[in-house]
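A short write-up of the structure that comes next.
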Amino acid sequence: MTGTTDPTDPAPTAERRKTARVRWAAGAAVALALLFAGAAAVAAAREDGSAPRAAGAPASDSADAGFARDMAVHHQQAVEMSFIVRDRTEDEDVRRLAYDIANTQANQRGMLLGWLDLWGLPKVAGGDQPPMAWMGGEGDGGHEHGGHQPDRGSDGVLMAGMASRAELERLGRLDGKQAEVFYLQLMTDHHKGGVAMAEACASRCAVPVEQRLAQGMVEGQQSELGLMRDMLTERKARPRS
């Protein structure tokens, strides 16, 4: 009958997967385009002899600069984890969540790095300035905010909620439901750490547009935390902390 789809026909499922891959590739292309466009604009400005640092730009050791640097690194790992799980599961709900997180955080990361360029500040803090120092001790260790903290040791100093190299490697070895659960657990920890950092910027940063971005991160990631908790429950699992 016209308009009726055979539930045993694999074609619709294959088509949906193809569409998902196209969306994912398009999102990655957009994120990369934004990053390269921002870098090109800054390079052009400097070649023209424009001042690399705007008047009134925040200091290198300010909360504004510290948040921009640290959250750019934090976001990069979220994008990495999302691309890993994309290839480890066929579950459309998990893939959709991973796509949304990767796309959103890649774009936000481009904004943060762009601000550092406009302010004429380095993207990496000096060796004597550890990650999250701008939070004044609030984020030290991350335990106050409920984020799972991986072993440090050879993995170096990690920001609140970030996965260790060993955890990322484990995610890359898992498949199906196991990969889904571990990704949701890792991303839950990651979001908890990210929310704590964004809350600190919302109260400490001096640049209004950065404060607004930070507050948006708090609201967006708290919403995703609720969604991930429900998705873990559906898989008879729960957050690690």
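A donor-acceptor distance shorter than 3.5 angstrom exists from the side chain of Gln185 to the backbone of Arg238, with no hydrogens or angles considered. Looking only at distances, a side-chain donor or acceptor of Ser203 sits under 3.5 Å from a matching main-chain atom of Ala200. A donor-acceptor pair under 3.5 Å is formed between the side chain of Gln77 and the backbone N or O of Ala163.
Taking 4.5 Å as the limit, some side-chain heavy atom of Phe182 sits within range of a side-chain heavy atom of Arg240. The closest side-chain heavy-atom distance from Val181 to Leu174 is not below 4.5 Å. The shortest distance between side-chain heavy atoms of Asp87 and Phe83 does not fall below 4.5 Å. Looking at Val124 and Arg69, their side chains never come closer than 4.5 Å, going by heavy atoms from C-beta outward.
Remark: Arg235 pairs with Asp91, Glu180 by the salt bridge (charged side-chain N to carboxylate O under 4.0 Å, His left out) rule, at least two apart or across chains. Among residues two or more places apart in sequence or in another chain, the side chain to side chain contact (heavy atoms under 4.5 Å, CB included) test is passed with Ile84 by Glu80, Arg88, Leu171. The salt bridge (charged side-chain N to carboxylate O under 4.0 Å, His left out) check on Lys177 picks up nothing, with sequence neighbours excluded. Looking at residues two or more places apart in sequence or on another chain, you find no side chain to side chain donor-acceptor pair (under 3.5 Å) involving Asp61. Listed by chain and number, the residues in a side chain to side chain donor-acceptor pair (under 3.5 Å) with Glu219 are Gln215 (sequence neighbours excluded). Remark: Asp70 engages Trp134 in a side chain to side chain donor-acceptor pair (under 3.5 Å) (not counting sequence neighbours). Residues passing the side chain to side chain donor-acceptor pair (under 3.5 Å) test with Gln76, sequence neighbours excluded: Arg109. For His190, the ring-ring contact (aromatic ring centres under 6.0 Å, His included) partners two or more places apart in sequence, or in a different chain, are His74. Residues forming a side chain to side chain contact (heavy atoms under 4.5 Å, CB included) with Glu169 (at least two apart in sequence, or on another chain): Arg173.
Taken from CE in Met71 to CE in Met197, the straight-line distance is 4.0 Å, to the nearest 0.5 Å. Considering CZ of Arg95 and OG of Ser82, their distance stands at 12.0 Å, rounded to 0.5 Å. One distance of note links CD of Glu92 with OH of Tyr99; it measures 13.0 Å at 0.5 Å rounding. Atoms CE and CD, on Met111 and Glu210 in that order, are 9.5 Å from each other to the nearest 0.5 Å. The CE atom of Met187 sits 12.0 Å away from atom CG of Leu232, with the distance rounded to the nearest 0.5 Å. Between the CG atom in Leu113 and the NZ atom in Lys123 there is a gap of 6.0 Å [rounded to 0.5 Å].
Annotation for Leu121 and Pro58: closest pair CD1-O, 3.5 Å, computed over non-hydrogen atoms. When every heavy atom of Ala78 is checked against every heavy atom of Ile101, the shortest pair comes out as CB-CG2, 4.2 Å. What you find for Val85 and Ala98 is that their closest heavy atoms are CG1-CB, 3.7 Å. Contact detail for Val79 and Ala102: the closest heavy-atom pair is CG2-O, 3.7 Å. Here the closest non-hydrogen pair linking Ala196 and Met135 is O-CE, 3.8 Å. Closest approach of Thr188 to Pro239, counting heavy atoms only: CG2-CB, 4.0 Å.
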Side chain to side chain contact (heavy atoms under 4.5 Å, CB included) evaluation trace for Asp64 with Trp115: CA-CA 10 Å; Asp64 298 89; Trp115 286 334; over 6 Å; no
Verdict with supporting geometry, Trp119 and Val207, side chain to side chain contact (heavy atoms under 4.5 Å, CB included): CA-CA 11 Å; Trp119 295 335; Val207 178; 3.9 Å; yes
Side chain to side chain contact (heavy atoms under 4.5 Å, CB included) between Lys192 and Leu225, worked out: CA-CA 8 Å; Lys192 287 179 179 179; Leu225 280 169; 4.2 Å; yes
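A disulfide bond (SG atoms under 2.5 Å apart) check over residues 76-107, counting only residues at least two apart or in different chains, returns nothing. Among residue pairs with one or both ends in residues 196-241, those qualifying as disulfide bond (SG atoms under 2.5 Å apart) are Cys201-Cys205; sequence neighbours excluded. Note on residues 191-226: no pairs pass ring pair (Phe, Tyr, Trp, His ring centres under 6.0 Å), not counting sequence neighbours.
Clustering ILVMFWY residues whenever any of their side-chain heavy atoms sit less than 4.5 angstrom apart, transitively, puts Phe67 in the very cluster that holds Val209.
Salt-bridge annotation for Arg96 and Asp93: present, with a side-chain N of the basic residue lying under 4.0 Å from a carboxylate O of the acidic one.
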